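Below is one structure, written out as structure tokens, with a few remarks after it.
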Amino acid sequence: MKYTNQVIFIILLIFIVYAIGTDYKSIYSKTISFIQSKSGLTNGIKDKMNDAVNSVNNVSTANNNIDSTKNEIIPGALVVPNNYLTSNIKSIKLTKEKVIEITNRQRAQNGNLPPLKENSKLDFSAEKKLQDMFVKGYFEHVSPDGVGVADLGTEVGYEYIIIGENLALGNFKDDQALVDAWMASPGHRANILNNKYTDIGVSVGKGTYKGDSIWMAVQHFALPKSACPNIDGVLRGIIDIEQKNIKQMEMELSSRKASIDSGAIREGATTGNQINDYNVLVSEYNKLILDIKNKTNDYNTQVRDFNTCVSSVN
């Protein structure tokens with residue numbers, strides 16, 4: 001009798017354990033189904049996550065490195081009529097201030113164009129060009145080292161959309177004669193009257209060229225990058241950080257799901273508690289996905305607006 005009671009007890013205990021285990025598995029299955037229905041995650045959780053990550057990885061890149069061959073305007077050689085020149089080099093006194101003033105007067109008289117604003121960085125790039133030509137003994141838009149006006153603009157820290165250059169070589173009577181010589185040359189005139197430019201820098205000076213004492217002049221024209229809508233670099237950095245966070249959360253979710261599937265105790269938490277923690281993390285993950293999608297859309301809109309602006313100028 002005693003033996004029979006022990007057998008019955010053991011059978012009953014096995015039945016209870018089985019019943020609890022079966023019910024617990026059912027609870028887990030139903031919980032996972034609920035999480036999936038609310039979060040949009042399926043059994044192929046990693047594939048779904050990758051889809052989400054890929055959707056926010058599509059961050060546009062602005063045309064920040066503008067092709068200088070398309071945005072650099074350099075006219076051909078300047079042919080100077082003799083009536084603009086003087087043989088009395090001691091009487092010459094050219095100044096950047098007067099050259100800019102007369103240049104703007106020409107813009108006003110030819111199409112009522114707005115005046116160009118003097119920019120210190122463009123003054124610097126023009127001065128670098130002037131000194132380079134005297135030191136290396138050349139008179140060209142591109143130096144023997146292959147440096148052009150676009151390179152000079154970059155060297156002095158001027159961020160441009162378009163940039164142009166006028167050069168002059170000769171002992172001009174005065175500032176008016178210098179600008180008149182440029183205006184008499186179609187390519188140089190086009191630079192002076194280009195309605196896309198807003199900034200100007202000028203350098204004039206006397207030096208030795210091919211054994212002769214002579215004056216050179218440099219005009220640098222440009223439209224700054226700031227003329228087009230701004231692209232928020234900080235926003236791009238935040239997007240990059242959040243993309244990394246998404247990948248880390250993806251790995252964490254996959255690890256937690258594997259632990260739940262195995263029924264193992266994780267950091268002292270039962271399967272039921274793990275499921276609750278998993279559900280909370282899924283909610284955070286989905287919020288981050290939505291946030292980064294919105295940020296990405298904002299950033300890409302900025303990029304499109306900037307590139308549209310650049311295209312309209314060229």
Side-chain angles (χ1 to χ4, degrees), residues 5-65 229-307:
N5 289 338
Q6 288 176 343
V7 171
I8 292 172
F9 176 76
I10 292 171
I11 293 173
L12 182 59
L13 181 62
I14 292 172
F15 174 77
I16 291 171
V17 171
Y18 174 78
I20 292 174
T22 302
D23 186 55
Y24 195 66
K25 289 181 180 178
S26 175
I27 293 171
Y28 167 65
S29 298
K30 290 178 180 178
T31 304
I32 290 297
S33 297
F34 174 79
I35 292 171
Q36 292 168 354
S37 66
K38 295 299 182 183
S39 67
L41 298 175
T42 68
N43 286 331
I45 183 170
K46 190 167 185 178
D47 293 336
K48 196 69 175 180
M49 287 179 181
N50 284 336
D51 290 342
V53 172
N54 289 336
S55 71
V56 297
N57 272 339
N58 187 24
V59 181
S60 300
T61 301
N63 185 22
N64 289 322
N65 297 319
N230 180 55
I231 296 175
D232 190 349
V234 174
L235 179 60
R236 176 58 188 263
I238 292 173
I239 291 172
D240 290 342
I241 292 172
E242 290 191 353
Q243 285 175 337
K244 293 178 181 178
N245 291 339
I246 284 175
K247 292 183 182 297
Q248 291 175 352
M249 291 182 74
E250 173 190 345
M251 295 173 60
E252 179 66 15
L253 282 167
S254 297
S255 174
R256 287 177 180 269
K257 184 176 183 300
S259 177
I260 293 170
D261 287 341
S262 68
I265 293 178
R266 179 188 176 100
E267 299 175 353
T270 63
T271 303
N273 290 333
Q274 289 181 50
I275 292 172
N276 291 333
D277 293 341
Y278 177 85
N279 198 20
V280 170
L281 188 59
V282 167
S283 178
E284 293 176 358
Y285 177 86
N286 286 337
K287 287 179 181 178
L288 183 58
I289 285 289
L290 180 61
D291 180 65
I292 195 172
K293 279 185 177 180
N294 291 334
K295 286 186 172 69
T296 300
N297 288 337
D298 290 343
Y299 180 82
N300 286 343
T301 297
Q302 293 176 14
V303 171
R304 284 192 296 270
D305 289 346
F306 175 83
N307 285 337

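Worth knowing before you read on, the calculation uses all heavy atoms, side chains too, and leaves out hydrogens, waters and symmetry mates. Position 1 is the first residue of the sequence; numbering continues from there. These numbers come from a predicted model, not from an experiment.
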In this structure, CG of N297 is separated from CD1 of I292 (nearest 0.5 Å) by 11.0 Å

Tell me the closest heavy-atom pair linking A269 and N273, and the distance in Å. CB-CB, 4.0 Å

Pairwise side-chain contact, Y285 with L281, heavy-atom cut-off 4.5 Å (strictly under): no

Starting at CG of L235, measure out to CG of N230 and round the result to the nearest 0.5 Å. 10.5 Å

If you round to the nearest 0.5 Å, how far is CE of M249 from CG of N286? 8.5 Å

Charged N to carboxylate O under 4.0 angstrom, R236 versus D232? no

Considering only heavy atoms from C-beta outward, does the side chain of I275 approach that of N279 to under 4.5 Å? no

A side-chain contact here means heavy atoms from C-beta on lying under 4.5 Å apart; do I231 and Y299 qualify? yes

If we ignore angles and hydrogens, is there a donor and acceptor under 3.5 Å between the side chains of R304 and T301? yes

Looking at NZ of K257 and OG of S262, how far apart are the two atoms once the value is rounded to the nearest 0.5 Å? 10.5 Å

Starting from the C-alpha separation in whole Å, work towards a yes-or-no answer on side chain to side chain contact (heavy atoms under 4.5 Å, CB included) for N294 and L290. CA-CA 6 Å; N294 291 334; L290 180 61; 4.1 Å; yes

Do Q274 and S259 have side-chain heavy atoms sitting under 4.5 Å apart? yes

According to salt bridge (Lys or Arg N to Asp or Glu O under 4.0 Å), does anything in residues 277-292 pair up with another residue at least two apart or in another chain? List the pairs. D291-K295

Quick one: does E242's side chain have a donor or acceptor within less than 3.5 Å of a partner on G237's backbone? no

Approximate separation, where rounding is to 0.5 Å, of Q248 CD and L253 CG: 12.0 Å

L288 and I246, any side-chain heavy atoms less than 4.5 Å apart: yes

Rounded to the nearest 0.5 Å, what separation is found between the OG1 atom of T271 and the CG atom of N276? 11.0 Å

